[in-house]
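Working notes, beginning with the structure itself.
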Amino acid sequence: MDTAVTVEAVLGDGQGAEDGGTEAIERAFGWFEEVESRCSRFDPDSELRRTVSRVGEPVPVSPVLFEAVRFALEVARDSGGAFDPTVGARLEARGFDRDYRTGRAHPSGIDPETAASWSDVLVDAPRRTITLRRPVLLDLGAVAKGLAVDLALRELSGFSGGAVEAGGDVAVRGINGEGGPWRLGIRHPRRPGAVAAVLHFSDGAVCTSGDYERRSPKDGGSHLLDPRTGRPAAVIASCSVVAPNAMLADALSTAAGLFEPELAVQWLERRGVEAVLFTQTLQRYSTKGFARLEQCL
Amino acid sequence: MALSGAVVVAVYTAGYSRTEAAAQRADAALAALKAAAGTSPLQAGGSVSSALTSATIASTPPAATGASGASGSGAPAGASSGAAANTPPASGSSAGSGAAAAAGSSAPASSSTPAAAPPAQSSSAPAAAKPVAAKYKNGSYTATGWGPHGPMQVTVVVKKGRIASANVTQCGTTYPCNYMQPLAQLVVSQQSAPVDYVSGATASSMAYQQAVTTALSQA
């Protein structure tokens, strides 16, 4: 996932390191490798790449890949295609094609100009299969990291508190090391090192989709691609979503970041999550309940 | 700072290594999801939020296999291997020590700060944020935080047991350090490091957080 991962467990009264904290943290890290091996579009040996190489037939897949794809498709449907996990080949064509571990590209060979979309991906829950009606390269970048964060955090359920952070996706539970709610900053979209908001909460996740992080080596545009236009997102500089878990926050922040800001806020409010957005001109928009989480800067 | 109940047991910032056990856990953990797979709460008119909460993650029961995960070998490029392993810092320094490791730099002192935790509260954390009534030793404490944009030195001044200021005293970053002013005010108002983590930023970008946490560990 080309990112550093931090896992933190907060022990309660009477708990010591011998009470499984170290082992729990190690298990938590294991999920990242597991999810990556299933869901990476960069690794030619990943389960995802092996799955997309078979078109027109139901392919039995692991629970991790199945759930990631199924959830991505639900968000695609729910967002009217603003979020679309089939943009992989187009991202690949724009230069987002390197396996960060090796620095090498392993092209999928899938035509980026194909008219395929999320509706060409079918899932069969009872059989746990995925069927591609057309050749598509799935990109689960907005889902898989959040899924790994959530799975990792569950390993810390036996402690007073826990936090998992991976590349800016953060999920927490319980108390922080000072015995209070977790204090979570939201990166300022245009001021490196600065935060635009600070939130305090105990259970949940916050993920941010921003146009600042990765730039295409070919056209300099954002990695956030609007699947409806094929072009990088233009209006929203960053969108941060607070949700019960990181996979949801990750996917919704990516999808909403492709809307006009007013529409994004309405769409997110209808889904029962809180969010704050900043436009390119640093206009701020937020959901009605966002202020309840916020510590004034 | 006084040691007390809640203690951060460890912070690892590292890559991760593939293990068979992890794969087995994944299958075991997610097998339970099949039961919830029948109806999509989205399709049933529910929210995405409830869909995921109830159907996808909530039933994950990973088996404890004691598999090795991560903190040492197999670290991907960009992540150091276990640099912060077994670090028992104050909560606030978790991001800081992680930051140093992730950036591949050696942040002064950030990985050896003492465990510190004000009185633990019940596991049901308070909903509202309250400044922690920490007692610090009077004095002036200086530390440096590092990130991909360069180093930053912060001096924390403690008067009458409380943080009076936490200003940047040397700015080696590629961005202006007056960006940190809101965070400096937050350190004073909540009497602690400003944040535990930052969404949208890799931990390695938190030079100010790292410096404040390290400085406070001396206070």
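Numbers restart at 1 for each chain; the letters A, B, ... are given by sequence-line order, proteins then strands.
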Heavy-atom distance under 4.5 Å to chain B: side chain of A:Val206, backbone, both or neither?
both
Just by modelled atom types, is the A:Gly168 backbone N or O under 3.5 Å from a matching donor or acceptor in the B:Ser199 side chain?
yes
Between A:Ser253, A:Ala194, A:Gly162, A:Pro189, which residue shows the highest count of heavy-atom pairs closer than 4.5 Å to chain B?
A:Ala194
Tell me, with the steps shown, if A:Glu178 and B:Gln190 meet side chain to side chain contact (heavy atoms under 4.5 Å, CB included).
CA-CA 12 Å; A:Glu178 295 183 353; B:Gln190 61 184 32; over 6 Å; no
For A:Ala251, enumerate each residue passing the side chain to side chain contact (heavy atoms under 4.5 Å, CB included) test, keeping only those at least two apart in sequence or located in another chain.
A:Phe71, A:Val75, A:Phe83, A:Val143
What are the two closest non-hydrogen atoms of B:Met180 and A:Pro192, and how far apart are they?
CE-O, 4.3 Å
B:Asp196 side chain to A:Arg183 main-chain N or O, any donor-acceptor pair under 3.5 Å?
yes
Quick one: which of A:Ser240, A:Gly185, A:Ala163 has the most heavy-atom pairs under 4.5 Å with chain B, could you say?
A:Gly185
Name all residues meeting the side chain to side chain contact (heavy atoms under 4.5 Å, CB included) criterion together with A:Ala275; count only those two or more places apart in sequence or in a different chain, and write none if there are none.
A:Val241, A:Leu268, A:Leu277, A:Thr287
Between B:Val198 and A:Ile186 the two heavy atoms that sit nearest each other are CG1-C, 4.1 Å
Can you tell me which portion of B:Pro194 sits under 4.5 Å from chain A's heavy atoms? Options are side chain, backbone, both or neither.
backbone
